[in-house]
Protein chains: 2
Amino acid sequence: MRIGELAKATGTKAETIRYYEREGILPAADRTDSNHRDYSPDHLAALTFVRRARELGFSMAQVRELLALSDHEDKPCQDVDQLVRDQLEEVERKIEDLQSLQSELGLMLKSCRSDKIGECRIVESLARPIR
Amino acid sequence: MRIGELAKATGTKAETIRYYEREGILPAADRTDSNHRDYSPDHLAALTFVRRARELGFSMAQVRELLALSDHEDKPCQDVDQLVRDQLEEVERKIEDLQSLQSELGLMLKSCRSDKIGECRIVESLARPIR
DNA sequence: GCTTGACCTTGTAGTTGCTACAAGGTGCAT
DNA sequence: ATGCACCTTGTAGCAACTACAAGGTCAAGC
């Protein structure tokens with residue numbers, strides 16, 4: 001599989017794939033006689049893994065951790081588990097914050113429609129003390 | 001309130017606060033006789049808002065828009081209405097995205113029954129073909 | 001009175017995670 | 001032989017910070 005195909009299959013730019021290789025996020029591909037990168041199904045799986053993890057909000061550093069963990073098949077799951085748990089917590093916190101912003105924006109629209117002046121609490125809705 | 005205190009209260013670096021001021025994201029603070037920035041509770045609220053909005057994935061430009069909405073009192077409703085509607089849509093899209101992340105992450109955790117990474121469904125599920 | 005630490009300024013450069021060029025080259029199909 | 005996908009190195013851009021440097025001011029404590 002060549003870089004263009006891999007790019008298409010994973011929705012990643014070829015330049016980004018080469019970037020991942022440089023950064024050590026992806027293992028280097030074999031080369032054809034003509035020096036073109038030649039990817040295996042394992043590379044496809046690895047890149048898919050990286051892209052999904054990035055989509056799920058994991059940083060490059062976290063992706064590295066996940067990859068390192070997944071290399072140690074004999075180790076207990078706990079470490080992977082904890083990373084996911086942390087990520088889930090963060091996502092849930094964000095959902096809550098967005099919901100309060102959502103309701104504030106909803107109120108704004110409502111008061112606009114009823115032509116009332118309405119107090120704007122948009123800043124207040126997200127201005128609760130941090131942490 | 002001086003910049004150091006505001007920084008501590010919001011978990012923002014003092015340099016970032018000055019950066020926001022330069023960028024017009026935060027109103028300039030009053031100055032003390034000795035030319036030090038002197039922040040009001042309103043500044044604290046505004047900065048807290050900005051930080052949260054940024055955490056929630058709003059760009060600086062979008063934060064600017066949201067802030068503009070918060071002083072809509074003096075503007076006609078019609079002008080504000082569409083802006084609010086757009087922001088609400090954006091917020092709802094984000095909530096949906098995060099909820100799908102939430103459920104994926106949740107499923108991952110649930111599926112992690114075995115205690116060896118070799119059999120870890122989390123790692124497997126990350127390597128599933130995209131989309 | 002002198003040191004320490006927080007603040008002030010301007011300016012430059014590094015970070016992350018890409019993305020996009022340029023400028024040169026090779027390989028391969030039509 | 002034309003055109004496209006690929007190869008390389010190198011540079012530079014993006015957002016939103018973050019971190020310095022190098023200069024200065026100011027207020028508090030010993």
Side-chain angles (χ1 to χ4, degrees), chain A residues 1-40 43-44 46-67 83 87 90 94 126 130, chain B residues 1-40 43-44 46-67 90 94 97 101 126 130:
Chain A
M1 191 179 215
R2 278 185 300 169
I3 198 165
E5 295 171 75
L6 183 61
K8 211 166 199 177
T10 59
T12 313
K13 303 268 158 89
E15 302 209 271
T16 303
I17 297 173
R18 288 189 280 256
Y19 165 74
Y20 285 157
E21 187 185 303
R22 274 201 308 284
E23 292 297 309
I25 283 273
L26 276 188
D30 291 341
R31 296 303 182 113
T32 63
D33 293 349
S34 47
N35 200 32
H36 289 185
R37 285 173 182 82
D38 188 21
Y39 293 98
S40 69
H43 281 103
L44 174 58
L47 180 54
T48 304
F49 180 98
V50 169
R51 287 262 106 187
R52 283 183 57 82
R54 295 280 306 117
E55 267 180 51
L56 292 173
F58 292 97
S59 68
M60 294 279 274
Q62 287 173 318
V63 173
R64 263 181 249 267
E65 277 184 65
L66 285 169
L67 287 169
L83 277 174
Q87 193 62 24
E90 209 178 309
K94 286 183 183 185
L126 287 186
I130 283 174
Chain B
M1 192 180 215
R2 277 184 300 169
I3 199 167
E5 295 170 74
L6 183 61
K8 210 165 197 177
T10 58
T12 313
K13 305 270 158 88
E15 303 209 89
T16 304
I17 296 172
R18 287 189 280 254
Y19 166 74
Y20 285 155
E21 188 185 303
R22 274 200 308 283
E23 293 297 308
I25 282 275
L26 278 187
D30 290 341
R31 297 302 181 114
T32 63
D33 292 350
S34 48
N35 199 32
H36 290 186
R37 286 171 182 83
D38 189 21
Y39 293 99
S40 70
H43 280 103
L44 174 58
L47 180 54
T48 305
F49 177 90
V50 169
R51 294 306 290 181
R52 239 232 182 88
R54 294 282 306 117
E55 263 181 54
L56 294 175
F58 292 98
S59 68
M60 296 279 273
Q62 288 173 319
V63 172
R64 265 181 250 266
E65 281 184 56
L66 284 168
L67 287 169
E90 173 88 19
K94 280 181 199 237
D97 287 352
L101 288 195
L126 278 170
I130 285 176

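Because the structure is a prediction, the values reported are computed rather than measured. By convention in this document, chain letters (A, B, ...) are assigned in the order of the sequence lines, proteins followed by strands, and residues within each chain are numbered from 1.
- When all heavy atoms of A:Ala53 and A:Val63 are compared, the closest pair comes out as CB-CG2, 3.8 Å.
- Taking atom CD1 of A:Ile17 as the reference point, atom P of C:dG17 lies 18 Å away to the nearest angstrom.
- In this structure, A:Arg18 and A:Ile3 approach most closely via the heavy-atom pair CG-CD1, 3.6 Å.
- A straight line from CG of A:Asp33 to P of D:dC7 spans 14 Å, rounded to a whole angstrom.
- Between the CG atom of A:Leu6 and the P atom of D:dA5 there is a distance of 16 Å, rounded to whole Å.
- Here C:dT9 is the nucleotide among D:dC7, D:dC26, C:dT9 with the atom lying nearest to any side-chain atom of B:Arg31.
- B:Arg37 places none of its side-chain heavy atoms less than 4.5 Å from the side chain of B:Met1.
- A side chain to side chain contact (heavy atoms under 4.5 Å, CB included) with B:Thr12 is found for one member of B:Val50, B:Leu26, B:Leu47 and no other, namely B:Leu47.
- Summarising the geometry, the separation between CD on A:Glu21 and P on C:dG17 is reported as 18 Å, rounded to the nearest angstrom.
- The heavy-atom pair separating B:Ile17 from B:Tyr39 by the smallest distance is CG2-OH, 3.4 Å.
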Notebook entry, point to check: If the sugar-phosphate is the primed atoms plus P, OP1 and OP2 and the base is the rest, what is the B/S/- string for nucleotides 15-20 of chain D, using protein heavy atoms under 4.0 Å?
Noted result: -BSSBB
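- One finds the OH atom of A:Tyr20 at 6.0 Å from the CZ atom of A:Arg54 (value rounded to the nearest 0.5 Å).
- For the pair B:Lys94 and B:Phe58, the distance from NZ or CZ to the six-membered ring centre is under 6.0 Å and the angle to the ring normal is within 45 degrees.
- The shortest non-hydrogen separation linking B:Leu101 to A:Glu55 is CD2-O, 4.0 Å.
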Atom pairs under 3.5 Å, N or O on each side, protein against nucleotides 4-7 of chain C: can you list them with distances?
from  : atom 1 : to     : atom 2 : distance (Å)
C:dC7 : OP1    : B:Gly4 : N      : 2.8

